[in-house]
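Here's the structure we're looking at; comments come further down.
The basis for the numbers below is simple: all heavy atoms, side chains too, and nothing from hydrogens, waters or symmetry mates. For clarity, every value in this text was computed on a predicted model and none was experimentally measured. Letters go in sequence order (proteins before strands), and every chain restarts at 1.
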Protein chains: 2
Amino acid sequence: MPTTNLDRRVEARLAEHEVRYTSGRKAVIQALSEVEGPRSAAELSEIVGDSVPLSSLYRTLAVLEDAGVVAPHFSKNLARYELAEWLAGHHHHLVCIDCGTIDDIAIPETLEVRVEEIVTAIGDISKFRASNHALEVEGTCARCA
Amino acid sequence: MPTTNLDRRVEARLAEHEVRYTSGRKAVIQALSEVEGPRSAAELSEIVGDSVPLSSLYRTLAVLEDAGVVAPHFSKNLARYELAEWLAGHHHHLVCIDCGTIDDIAIPETLEVRVEEIVTAIGDISKFRASNHALEVEGTCARCA
DNA sequence: ATATAGAATGAGAATCGTTACAGATTTGTT
DNA sequence: AACAAATCTGTAACGATTCTCATTCTATAT
């Protein structure tokens, strides 16, 4: 089990939260780093196999979420997890209204700047202090089209 | 039970889908029209009381969603419903990272146009057919600030 | 190296929100 | 009133998630 750069960053973050970077947690991080978008516990279980039992998987996700290493997304009554933005980079979401799959999409800097301008404007007209944002685009994915 | 303008619009929409606008369905619509943001089945049950049993409430929400009268919103493993955008108006969401509350926010037309341009651009660079969108702004709400 | 304390694990039971089922009731039509 | 279809409702079933607790592991002190 090689220690990647990602591993090092996760380990450091977990250390701040005084929890260990165990092999089960490593397996989940590894799995999440290999897929495109958020994945449910069941989907992750498919990937990691018997090495991480379902009950441990759920607990692992809770620990990782708590430490800010992964972030949950909810759709169709089920939670899907992905690496937090400081690990995966800022991105937006394409949500398929047919199959529920969520794909990440990073947009060109020029567009991103325009999104940020809008978010700033929203902060100005509301009593809300914005710290992050995501554009959720709903529609039909290539597979369901 | 007076028939409001909202009732008439909902009734027409349901008629298109060949379902009736019964008193239970009316009660749910009424409840949703009186609150600020999305509400879960349990929360709605609190409002409508015994007049709509929980199992009926769930089925009612399914019927209304099917007809496009209400729209679900997922967070923390539970579905919250609100009136569809053609009834409540297009809006975005302010998600408080502290208390979890989601507030609706409608933005000025000039900003909305810019959001739509960005969504269109995203559709162009991906193989995704966008039908709707929502800007999810994360941050701290006035109460938690 | 070994002992020890705290952290982490794993199998199964329990819980929660939600859906499916089936019989009873209501509605519109004739 | 009589009928067929739509709707309702209590209960059972279900899937996703959380909890429990006995066991295993790990870091640290000795």
Checklist entry - With A:S33, which residues qualify under side chain to side chain contact (heavy atoms under 4.5 Å, CB included), at least two apart? => result A:L6, A:L83
Item to check | Separation of atom CZ in A:F74 from atom P in C:dG17, rounded to whole Å | outcome: 14 Å
Checklist entry - Which letters describe nucleotides 11-19 of chain D, given B = protein heavy atom under 4.0 Å from base, S = only from sugar-phosphate, - = neither? => result B----SBBB
Next on the checklist: According to salt bridge (charged side-chain N to carboxylate O under 4.0 Å, His left out), who are the partners of A:R114, at least two apart in sequence or on a separate chain?
Outcome noted: B:E117
Next on the checklist: Using whole Å, what does the distance between atom P of nucleotide C:dA8 and atom NZ of A:K26 come to?
Outcome noted: 15 Å
Item to check | Partner set under ring pair (Phe, Tyr, Trp, His ring centres under 6.0 Å) for A:H133, not counting sequence neighbours | outcome: A:H90, A:H92
Checklist entry - Rounding to a whole Å, what distance do you find between B:L14:CG and C:dG28:P? => result 14 Å
Item to check | Rounded distance (Å) that lies between atom P of C:dT27 and atom OH of B:Y21 | outcome: 16 Å
Checklist entry - To the nearest Å, how far apart are B:D66 CG and C:dT18 C1'? => result 16 Å
Next on the checklist: Under the salt bridge (Lys or Arg N to Asp or Glu O under 4.0 Å) definition, can you give me all pairs with a residue in residues 129-140 of chain A, not counting sequence neighbours?
Outcome noted: none
Item to check | Pairs involving residues 25-61 of chain A, ordered by first then second residue, that meet ring pair (Phe, Tyr, Trp, His ring centres under 6.0 Å) (sequence neighbours left out) | outcome: none
Item to check | Sequence neighbours excluded, every pair satisfying salt bridge (Lys or Arg N to Asp or Glu O under 4.0 Å) that has a member inside residues 28-46 of chain B | outcome: B:E43-B:R80
Write down the protein N/O and nucleotide N/O pairs, taken from nucleotides 4-7 of chain C, whose separation is under 3.5 Å; answer none if there are no such pairs.
{"unit_1": "C:dA7", "atom_1": "O4'", "unit_2": "A:R20", "atom_2": "NH2", "d": "3.4"}

Checklist entry - Taking only residues two or more places apart in sequence, or in another chain, which ones meet A:H93 in a ring pair (Phe, Tyr, Trp, His ring centres under 6.0 Å)? => result A:H73, A:H91
Checklist entry - Is A:S45 reaching over with its side chain to a backbone N or O of A:A41, donor-acceptor style, under 3.5 angstrom? => result no
Checklist entry - With sugar-phosphate meaning primed atoms plus P, OP1 and OP2, does A:T22 contact a base, only sugar-phosphate, or nothing at under 4.0 Å between heavy atoms? => result sugar-phosphate
